[in-house]
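Just so you know, these numbers come straight off a predicted model, no measurement behind them.
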Amino acid sequence: RDIFYNEYSNYLYSLQSHLRSKSYITKWKISSGMEPIETLKVSDNVCTSMQYNKDLNGVGVTGCDGSVYFLSILEVI
């Protein structure tokens, strides 16, 4: 559904959602190819987008049901 790249840590983060259920963020190591490091469940519902905030060092995720989640990068790691 969405991705962002953190240039300070050289990690890529992707947001995945099943058709009508759970959403996850996966952290990818990209220095030597694409290798998944860790996956975190964000919601039991479909999430549609995410936005990285450099000042707060976190990720905002929106759900299709109107919910908004904010996760610090430390939670995603």
Side-chain angles (χ1 to χ4, degrees):
R1 302 245 180 210
D2 214 343
I3 61 170
F4 78 89
Y5 173 68
N6 185 332
E7 71 251 21
Y8 301 108
S9 65
N10 288 324
Y11 291 114
L12 184 80
Y13 297 86
S14 63
L15 175 67
Q16 304 90 231
S17 291
H18 294 281
L19 188 56
R20 289 185 208 129
S21 64
K22 301 173 178 82
S23 296
Y24 301 89
I25 292 178
T26 300
K27 177 181 175 181
W28 300 83
K29 182 178 182 178
I30 60 171
S31 60
S32 59
M34 294 293 287
E35 179 182 336
I37 306 261
E38 187 172 345
T39 299
L40 171 72
K41 185 171 98 172
V42 176
S43 174
D44 285 326
N45 297 312
V46 174
C47 291
T48 56
S49 65
M50 71 176 171
Q51 180 67 43
Y52 174 65
N53 185 307
K54 180 171 43 174
D55 296 330
L56 297 175
N57 199 30
V59 179
V61 179
T62 58
C64 67
D65 61 353
S67 57
V68 177
Y69 306 94
F70 185 81
L71 305 164
S72 77
I73 288 299
L74 297 177
E75 290 177 285
V76 178
I77 293 174

Any donor-acceptor N/O pair, Ser17 side chain to Cys47 backbone, under 3.5 Å: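 Checking the backbone N and O of Cys47 against the side chain of Ser17, a donor-acceptor pair under 3.5 Å is found.
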Backbone of Leu15 reached by a side-chain donor or acceptor of Asp2 within 3.5 Å: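 The answer is no, because no donor-acceptor pair under 3.5 Å joins these two groups.
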Distance-only side-chain donor-acceptor flag, Ser43 / Ser23, under 3.5 Å: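 Checked: Ser43/Ser23 side chains show no N/O donor-acceptor pair below 3.5 Å.
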Under 3.5 Å side-chain donor-acceptor pair for Ser14 and Gln16: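 Result is yes, a qualifying pair exists.
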Measure the [atom1]-[atom2] distance between [X] and [Y] for me, rounded to the nearest 0.5 Å.
X     : Y     : atom1 : atom2 : answer
Tyr13 : Lys27 : OH    : NZ    : 4.5 Å
Lys22 : Asn45 : NZ    : CG    : 10.0 Å
Tyr69 : Met50 : OH    : CE    : 15.0 Å
Ile30 : Leu12 : CD1   : CG    : 6.0 Å

Worked check of side-chain contact (heavy atoms from CB on, under 4.5 Å) between Tyr52 and Asn57: CA-CA 7 Å; Tyr52 174 65; Asn57 199 30; 3.0 Å; yes
Leu56 to Asn53 - nearest heavy-atom pair and separation: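 Leu56 and Asn53 have their closest heavy atoms at N-OD1, 2.9 Å.
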Derivation and outcome, side-chain contact (heavy atoms from CB on, under 4.5 Å), residues Tyr11 and Lys29: CA-CA 5 Å; Tyr11 291 114; Lys29 182 178 182 178; 4.2 Å; yes
Test item: Gln51 and Phe4 side chains (from C-beta on) under 4.5 Å apart, heavy atoms: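 Answer no - side chains too far apart.
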Residue from Ile3, Thr39, Leu71 passing side-chain contact (heavy atoms from CB on, under 4.5 Å) with Ile25: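 By the side-chain contact (heavy atoms from CB on, under 4.5 Å) criterion, Ile25 pairs with just one of Ile3, Thr39, Leu71: Leu71.
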